[in-house]
Every structure is written in structure tokens, then in C-alpha cells.
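In what follows, a structure is listed as C-alpha cells, so that the remarks can point back to it.
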Amino acid sequence: MLPPGGPFASADDLRAGYEEIGLEPTLFEPDTVIYSGKLLAEAHKRDPSSPFRRYTLYATVSPEFNGLPSPSAGRQYLKEFPEGPFAADTNGALADFLNDLFKVIKRLVEGAPDAKDYKYDCYSEFLSKAPLAEQMSGVQRSGLYYYRRVLALQPDSPNVREAMRNLERGVNGGWYYCPD
């Protein structure tokens with residue numbers, strides 16, 4: 001949850017007790033620091049209608065660090081704050097979520113022998129009774145919509161452009177959620 005284009009904090013700057021406010025070394029790059037969103041989440045729980053809601057509501061989008069974002073919370077954030085301080089992040093989280101869901105459905109459509117693995121388990125609750133090909137097409141369109149929204153807010157986002165191209169072509173550019 002660093003500001004877009006902002007500098008990464010160094011783990012050398014961490015002090016004892018910083019984990020209590022949600023700052024900790026990143027898992028795979030322990031020299032850098034990540035913010036878990038803990039303070040925003042606590043502030044939102046205490047007063048969901050505070051004047052700072054445009055900030056605190058974002059904590060509901062990804063309630064678990066490294067967990068799946070909540071599509072309904074993401075849509076709610078964007079409904080209330082389409083240009084809010086975390087609008088690009090929320091659009092990106094929804095786009096990446098849908099990108100992963102697309103890949104899960106595509107593996108099912110293709111009959112991949114390992115299609116019902118832990119990634120499937122992670123996303124299966126978001127599958128509907130509709131035909132898989134229909135779901136795949138809709139999820140792809142929705143994911144592209146959210147990637148376009150990110151680019152409208154942050155035009156200089158090469159990683160977003162790459163993810164969008166991969167989703168357009170239906171190729172796997174890597175997974176975003178449900179870590180190995």
C-alpha cells in the first residue's frame with residue numbers, strides 16, 4: 001500500500017514495535033518494508049463513516065495481507081470514490097483478481113489435469129452455474145475494464161499494461177493472489 005511511484009522503505013528504518021502499526025519486512029525481499037493496512041482497517045472499524053472514509057474504506061478491499069481482495073468491497077469503494085486516493089489500487093486489485101479467476105476458468109475449459117488444484121480452491125466460490133466459456137469471456141471483459149480504469153488514473157503503469165496485454169491474449173503472465 002505504498003503511494004503510486006513512491007519510494008520503497010528500507011528495512012533498516014524499522015524499529016521495535018513497528019509491526020504493531022502494520023510495518024514489516026517483505027517476505028521475499030526482506031530489505032524492503034511493506035505496510036499491511038492495519039491502521040486503516042482499525043480506523044475503519046472504529047468509525048466507518050468518518051470524514052476519512054475515502055482512505056479507511058480501502059482496508060475492506062483486501063482485508064488479509066496477501067489474501068484475495070473482496071470484489072464486493074472493491075466495487076463499493078469505487079462506487080463511493082471513483083477518483084479516490086485508492087481508486088487505482090482498487091481497480092488494480094479487482095483487475096488482478098479477475099485475471100487470476102480467468103486463468104482458473106481457462107484451465108477448467110481446457111481440461112487441464114491439474115485444473116482443480118489449490119488455485120481452483122482459492123477461486124471456486126466465485127464460479128457460477130453458467131457455462132465455463134461464458135464465465136471466462138465475462139471475467140476477461142471485466143478484468144480488462146478494471147485495467148483500463150487503472151491506466152486512466154495512472155497512465156504510466158508498464159506492469160498494468162503488460163498484465164492487460166496478457167489478459168487480452170489469454171496468456172498466463174503469472175498469478176497475483178493465492179500464493180504458492
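Counting begins at 1 with the first residue of the sequence.
- Applying the side chain to side chain contact (heavy atoms under 4.5 Å, CB included) criterion to L132, with sequence neighbours excluded, gives I105, L108, V109, Q135.
- Residues forming a ring pair (Phe, Tyr, Trp, His ring centres under 6.0 Å) with F81 (at least two apart in sequence, or on another chain): Y77.
- Considering OH of Y147 and CG of L167, their distance stands at 6.0 Å, rounded to 0.5 Å.
- Not counting sequence neighbours, the partners of F126 by the ring pair (Phe, Tyr, Trp, His ring centres under 6.0 Å) test are F97.
- The disulfide bond (SG atoms under 2.5 Å apart) analysis of residues 72-134, with sequence neighbours excluded, yields the pairs C122-C178.
- Residues passing the side chain to side chain contact (heavy atoms under 4.5 Å, CB included) test with D121, sequence neighbours excluded: none.
- Between L144 and Q140 there is a side-chain heavy-atom pair separated by less than 4.5 Å.
- The list of salt bridge (Lys or Arg N to Asp or Glu O under 4.0 Å) pairs with a residue in residues 103-115, not counting sequence neighbours, reads D100-K103, K106-E110, R107-D114, R107-D117.
- Panel note: side chain S157, backbone V160; no donor-acceptor pair is recorded below 3.5 Å.
- Shortest non-hydrogen contact noted between A88 and V150 is O-CG2, 3.6 Å.
- In terms of heavy-atom proximity, F102 sits nearest to G170 at CE2-CA, 3.6 Å.
- Atom-to-atom distance recorded for L101:CG and L127:CG is 6.0 Å, nearest 0.5 angstrom.
- For residues 124-136, the set of pairs meeting the salt bridge (Lys or Arg N to Asp or Glu O under 4.0 Å) definition, not counting sequence neighbours, is empty.
- Taking hydrophobic clusters as Ile, Leu, Val, Met, Phe, Trp and Tyr residues chained together by side-chain heavy-atom distances below 4.5 Å, L78 shares a cluster with L57.
- Between A93 and V61, the closest heavy-atom pair is CB-CG1, 4.5 Å.
- L153 CG to T90 OG1: the interatomic distance, rounded to the nearest 0.5 Å, is 10.0 Å.
- Residues satisfying the side chain to side chain donor-acceptor pair (under 3.5 Å) criterion with R141, sequence neighbours excluded, are S137.
- Counting all heavy atoms, side chain and backbone alike, A87 lies closest to P82 at CB-O, 3.3 Å.
- No more than 12 heavy atoms of other residues, nucleotides or ligands shown are found within 6.0 angstrom of CZ on R46.
- Under a 3.5 Å cut-off, the side chain of K119 and the backbone N or O of V104 do not form any donor-acceptor pair.
- Residues forming a side chain to side chain contact (heavy atoms under 4.5 Å, CB included) with S142 (at least two apart in sequence, or on another chain): L98.
- Summarising the geometry, atom CG belonging to L151 is positioned 10.0 Å from atom CG belonging to N91; distances are rounded to the nearest 0.5 Å.
- Contact of the S70 side chain with the T60 side chain is not registered, since no non-hydrogen atoms from C-beta on lie closer than 4.5 Å.
- By the salt bridge (charged side-chain N to carboxylate O under 4.0 Å, His left out) test, E162 pairs with R165, sequence neighbours left out.
- No donor-acceptor distance shorter than 3.5 angstrom exists from the side chain of N99 to the backbone of A95, with no hydrogens or angles considered.
- Put simply, the side chain of Y146 does not reach to within 4.5 Å of the side chain of D96, judged on heavy atoms.
- Minimum heavy-atom separation, G37 to A59: O-CB, 4.4 Å.
- Shortest non-hydrogen contact noted between R54 and P85 is O-CG, 3.4 Å.
- Counting only residues at least two apart or on different chains, the salt bridge (Lys or Arg N to Asp or Glu O under 4.0 Å) pairs with a member in residues 72-85 are R53-E80, E83-R149.
- Legend: residues meeting side chain to side chain contact (heavy atoms under 4.5 Å, CB included) with S50, ordered by chain and number and at least two apart, are D47, F52.
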